[in-house]
Amino acid sequence: AMRRLINITIWALFVIGVLLLLSFTYEKKKEKVCVEVKYSIDMLSGNHFVTPARLDGILKSIGFKVGQDKFKDIDTKKLERKLLSISSIERVDVFKNMNGTLEIKVEQRKPIARVFNRNGYSVYLDDNGKTMQVSDFYTARVLVINGHLNLKVGENIEAITHNDSLKGLTLIDELY
């Protein structure tokens with residue numbers, strides 16, 4: 001019985017020790033300063049709408065300072081939302097690493113056509129049937145469509161399917 005009590009005590013101390021260690025590393029991580037931002041951008045699509053320099057610019061525009069900002073002050077969800085507002089980005093994941101690195105994984109949207117509206121303004125149509133803004137930084141080599149059209153950025157097949165104006169529906173549908 002004595003031996004069993006000793007065993008239980010040793011295990012209890014071990015568990016408490018592990019929990020203490022974990023709480024210290026958690027506290028340390030919160031106080032840790034972000035020393036570097038690492039981007040991984042999928043270039044497999046052959047598109048270069050999103051570049052590290054452009055992402056750096058966006059981070060700077062929201063007041064992000066590498067080497068000064070603490071991990072506890074970085075809201076990864078807010079950062080993801082901000083980056084998703086770029087119309088050429090399909091998905092974003094932001095992670096905090098223990099070594100002080102903020103990792104940002106970006107998946108770009110893949111345009112399949114560039115549509116010129118009747119007023120000369122143009123948008124891309126991506127492989128999911130969504131429209132996306134034309135970039136000042138990069139031009140995709142895709143099919144060009146023009147004529148008496150009126151597509152706007154932010155339009156997509158699903159949204160238009162729920163709309164009553166069938167004329168618009170058949171147009172984007174046919175283009176896609």
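Atom set for the values below is all heavy atoms of this structure, side chains included, hydrogens, waters and symmetry mates excluded.
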Q | ILVMFWY network linking F71 to V35, side-chain heavy atoms under 4.5 angstrom | A | no

**Q.** Separation between OG1 of T76 and CZ of R81, rounded to the nearest 0.5 Å
**A.** 9.5 Å

Q: State whether the side chain of R91 and the backbone N or O of K105 hold a donor-acceptor pair below 3.5 Å, judged by distance alone.
A: no

Q) At their closest point, which heavy atom of G100 faces which heavy atom of K32, and how far apart are they? A) N-CE, 3.6 Å

Q: Just do the side chain to side chain contact (heavy atoms under 4.5 Å, CB included) check on L79 and L102 with the steps written out, would you?
A: CA-CA 11 Å; L79 209 52; L102 189 71; 3.8 Å; yes

Q) Considering all heavy atoms of both residues, which atom of G63 and which atom of D69 are nearest to each other, and what is their separation? A) O-OD2, 4.1 Å

Q) Is there side-chain contact between K82 and K78, with heavy atoms separated by less than 4.5 Å? A) no

Q. Is a side-chain donor or acceptor of K96 paired with a backbone partner of I74 at a separation under 3.5 angstrom?
A. yes

Q.
Test your reading of the model: is there a side-chain donor-acceptor pair from D42 to the backbone of Q108, 3.5 Å cut-off?
A. yes

Q.
What's the separation between atom CG in L5 and atom CD1 in I10, rounded to the nearest 0.5 Å?
A. 10.0 Å

Q | Separation between CD of E90 and CG of D127, rounded to the nearest 0.5 Å | A | 7.0 Å

Q: Measure from the side-chain N and O atoms of E80 to the backbone N and O of V94, and report whether any donor-acceptor pair falls under 3.5 Å.
A: yes

Q.
Is there a side-chain contact between F49 and M132 in this structure, where contact means two heavy atoms from C-beta onward sitting under 4.5 Å apart?
A. yes

(Q) Is there a path of hydrophobic side-chain contacts, each under 4.5 Å between heavy atoms of I/L/V/M/F/W/Y residues, joining V115 to Y121? (A) yes

Q: Flag yes if Y138 and I41 sit in one hydrophobic cluster, no otherwise; membership is Ile, Leu, Val, Met, Phe, Trp, Tyr, and two members link when side-chain heavy atoms are under 4.5 Å apart.
A: yes

Q: Flag the pair K110 / D126 as yes when at least one side-chain heavy-atom distance between them is below 4.5 Å, and no otherwise.
A: no

Q) Can you name the residues that form a side-chain contact (heavy atoms from CB on, under 4.5 Å) with D56, not counting sequence neighbours? A) Y39

(Q) Just verifying a value: how many Å separate I112 CD1 and L125 CG, rounded to the nearest 0.5 Å? (A) 5.0 Å

Q: Decide yes or no for L59 and I104: does some side-chain heavy atom of the first lie under 4.5 Å from some side-chain heavy atom of the second?
A: yes

(Q) Count I, L, V, M, F, W, Y as connected when their side-chain heavy atoms are under 4.5 Å apart, and connections chain through other members. Are L83 and I62 then in the same cluster? (A) yes

Q | From CA spacing to verdict: side chain to side chain contact (heavy atoms under 4.5 Å, CB included), N97, K38 | A | CA-CA 10 Å; N97 283 341; K38 260 196 187 148; over 6 Å; no

Q) Closest heavy-atom contact between S88 and V50? A) OG-CG2, 4.0 Å

**Q.** CA sep, side-chain torsions, deciding dist, call: R114, T139, side chain to side chain contact (heavy atoms under 4.5 Å, CB included)
**A.** CA-CA 10 Å; R114 183 166 177 173; T139 305; 3.6 Å; yes

Q) Does Y124 reach the main-chain N or O of V142 with its side chain, forming a donor-acceptor pair under 3.5 Å? A) no

Q) Any idea which heavy atoms bring S122 and V134 closest together, and the distance? A) O-CG2, 3.1 Å

Q: Would you please test C34 and F64 for side chain to side chain contact (heavy atoms under 4.5 Å, CB included) and show each step?
A: CA-CA 10 Å; C34 173; F64 185 88; 3.9 Å; yes

(Q) Among I16, V15, L21, which residue satisfies the side chain to side chain contact (heavy atoms under 4.5 Å, CB included) criterion with L19? (A) V15

